[in-house]
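Report on the structure given below.
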There are 2 protein chains.
Amino acid sequence: MTTINDIAKMANVSRTTVSRVLNNSGYVSEEVRKRILDIVEKTGYIPSVSAKSLRTKRSGVIGVILPKISTETASRVVAGINEVVSREGFQILLTDTELKKEKEIEYIRLLQSRHVDGIILLATNINDQLLSTIKEVNLPFISLGQDLPGITSIVYDDYHAAVDVTNMLVNKGHSKIAFIGVGEDDPAVGVMRRKGYLETMEKHGLSVDPSWMQEGNFSIESGYESMKKITKESHGNLPSAIFVVTDRMAIGTMEYLKEQGYNIPGDMAVAGIGASVMSQYVSPSLTTVDYFNRDAGSKSAQLLLDQLKYKNINEKFTQNYRLIMRDSV
Amino acid sequence: MTTINDIAKMANVSRTTVSRVLNNSGYVSEEVRKRILDIVEKTGYIPSVSAKSLRTKRSGVIGVILPKISTETASRVVAGINEVVSREGFQILLTDTELKKEKEIEYIRLLQSRHVDGIILLATNINDQLLSTIKEVNLPFISLGQDLPGITSIVYDDYHAAVDVTNMLVNKGHSKIAFIGVGEDDPAVGVMRRKGYLETMEKHGLSVDPSWMQEGNFSIESGYESMKKITKESHGNLPSAIFVVTDRMAIGTMEYLKEQGYNIPGDMAVAGIGASVMSQYVSPSLTTVDYFNRDAGSKSAQLLLDQLKYKNINEKFTQNYRLIMRDSV
DNA sequence: AACATATGTGTAATCGATTCCACATTGTTT
DNA sequence: AAACAATGTGGAATCGATTACACATATGTT
């Protein structure tokens, strides 16, 4: 490896001067600058990031903590983040909690030790230990998808999206609307979407049979099983529409229905959330909500970079969304 | 930030001793070890990775270069890589070339300057400059998906997969089989899959109308357009089956066919490669080839770690695959 | 008892950059 | 012509770890 000292020697200057050229700081004569740049070019010299970051306390890396790496949402968000940060010469250090809560905290600490310049967390839950860890590491921090108190958060409008979907189903003439959600430890997906559904049903004076509310775990399979449960447990009091809180589970739901010979949307209307590519190509195509994940990713990244440059702002942002009407309703 | 010096002072020892405790090297009395560990625990001290890696030349990070971050293949591969490396305490530094070849080289250099311990590259092409750059950085290196001469590569068996798909279509009674491929600068997807198709057609003595061979760019849209071209340009000599080299393009192909009122597989059989989740849920479900991307990812990671520990092996591995018969054929 | 070996700890050099300070030269202002 | 500012360059400390080497003490072997 060639180092700054090698370059200095070759150019017959001190390493101070080389550093000045490389960082465009201080005075350097045009002649020397050119000489140094030529040598840098020729040797393909690249400064050691470790040395640089040891000295400057900045690494040019931002840490991203994902609940699950191989999901469409995650990869869209990462693409959005990458778009912004790479433009400014930053790199992404990826970590995957595999949906285990303890790991969120563990990875925050780990990223800190790696001197990342900031962290973007896609949390799946909220707890005190998580919050205090975030406070402790004291780094520019963005929460994406969950509203973490005291921390800059950019959240999806889960409540209103759920309200809109439910209203839309009601407006289409449905009064018996079922719901497949996820666990309540996830405030965004588990709590807010369910709340939007329940309150809208109530507002319209529509009753909800207990058997109509099932809980999945984000997988296609769990959507399939939940739908099966509804048909089994509702004893003839079958809903005419179902609101499933994620596209993947909605796909599973549709699979079961199709398998059982139900017509979609004739016998049962289905709506999801997520606007996965798949939702467009299943048949019938799935009515869903687009959360603009990629935009959410770039926005988080932008906010993080802002925090890095200026103050530690603590603000809340709500991402907007769009209901996509398709053939499943 | 607390440093090793702070810990040393608090424990009334030299930083050498602290380092020994932290790295389990050399002799340290049980008493001192305990004293130090207690302090480390209490202060939440984490060693600076920059300092450590400046001194040791190892970072605990492995670099991954992807052609496109938000694809199913990429996220599966990354999941596989992550599974293996995180188990050994390594982190992933992600970069995305956005399908631009120059960036592959640029990122290799960049990862080098970040002192990554190794690199996994998902290349989309091969050229001399790329090869020489890889030689120069002289790091444990794995190429996934392309066979790079002189470099440990783990490749998909594109040729035989294409042969199998084509044979399968022939065995189903098709003799007029079209093909949608990608550009030839991609040796794996562009060249090998086409070769498998052409040679198999030839072996069966089947002719290929020039209009039956189109080229897309991996996008769903380009599959749609290619199919449109085939119907337009074949002047009545329409194929009865089509082999599309990626699932996404195959989905686009099916879209066009369905839109035009063709029956799949009655009027036209369609086969893809990739086993995307989507392929399972479109209708009709798509016959495709499963490349076990996740396994390929973990295998690459495992090989990289092996190289790190032992020698710089230079071997070639061929990943196996599986033809999945579904309803589109 | 003499010597070798094992155990425990510290000193100081080192990794490759950045940056404060000093110093020299040149140009500008009074 | 003296004083001052602007420009250009280098010396040396520094960031926070690792590690070769030296040294002291304890233990074991003949």
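Residue numbering restarts at 1 for every chain, and letters A, B, ... go by the order of the sequence lines.
- Among the heavy atoms of the strands lying under 4.0 Å from S19(B) is at least one base atom, whether or not backbone atoms are also near.
- Each of V13(B) and H115(B) lies near DNA chain C, and the nucleotide nearest V13(B) is the one positioned closer to the 5' end.
- An OP1 or OP2 oxygen of dG16(D) is reached within less than 4.0 angstrom by a side-chain nitrogen or oxygen of K57(A).
- Distance check, rounded to the nearest 0.5 Å: CG of L54(B) to OG of S59(B) gives 12.0 Å.
- In this entry the distance linking CG of D6(B) with C1' of dG16(D) reads 10 Å, nearest Å.
- Taking atom CG on N12(B) and atom P on dT9(C), their separation rounds to 12 Å, with Å as the unit.
- Among the nucleotides dA17(C), dC15(C), dG8(D), the one closest to any side-chain atom of R15(A) is dA17(C).
- Straight-line distance from the CE atom of M1(A) to the C1' atom of dA17(C): 12 Å, rounded to whole Å.
- As rounded to whole Å, 16 Å separates atom P of dT9(D) from atom CG of N23(A).
- A salt bridge between E102(B) and K100(B) is absent, with no side-chain N of the basic residue lying under 4.0 Å from a carboxylate O of the acidic one.
- A salt bridge links R294(B) to E83(B): at least one charged side-chain nitrogen sits closer than 4.0 Å to a carboxylate oxygen.
- With hydrogens and angles ignored, a donor-acceptor pair under 3.5 angstrom links the side chain of T16(B) to the base of dT19(D).
- Comparing L54(B) and S25(B) by the nucleotide of DNA chain D that holds the closest heavy atom to each, the one mapping nearer the 5' end is L54(B).
- Taking only distance into account, the side chain of R55(B) never meets the base of dG16(C) through a donor-acceptor pair shorter than 3.5 Å.
- Separating the NZ atom of K9(A) from the P atom of dG16(C) is a distance of 11 Å, rounded to the nearest angstrom.
- The distance from atom CD1 of I4(A) to atom C1' of dC15(D) is 15 Å, rounded to the nearest whole Å.
- Between S14(B) and dG10(C) there is a side-chain polar atom (N or O) within less than 4.0 angstrom of OP1 or OP2.
- Checking the phosphate oxygens (OP1, OP2) of dG10(C), a side-chain nitrogen or oxygen of T17(B) falls inside 4.0 Å.
- Counting heavy atoms from C-beta outward, L139(B) and I108(B) have side chains that stay 4.5 Å or more apart.
- Put simply, the side chain of R33(A) and the base of dG8(D) share no donor and acceptor less than 3.5 Å apart.
- Between the P atom of dG27(C) and the OH atom of Y27(A) lies a distance of 15 Å, rounded to the nearest Å.
- No engagement by V49(A) is indicated, since no non-hydrogen atom pair under 4.0 Å with the nucleic acid exists.
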Exercise for the section: Show the numbers, then the answer: is there a side-chain contact (heavy atoms from CB on, under 4.5 Å) between I4(A) and Y45(A)? Expected result: CA-CA 8 Å; I4(A) 197 172; Y45(A) 161 73; 3.6 Å; yes
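- Using a 4.0 Å heavy-atom criterion, one finds that V32(B) contacts the sugar-phosphate atoms exclusively.
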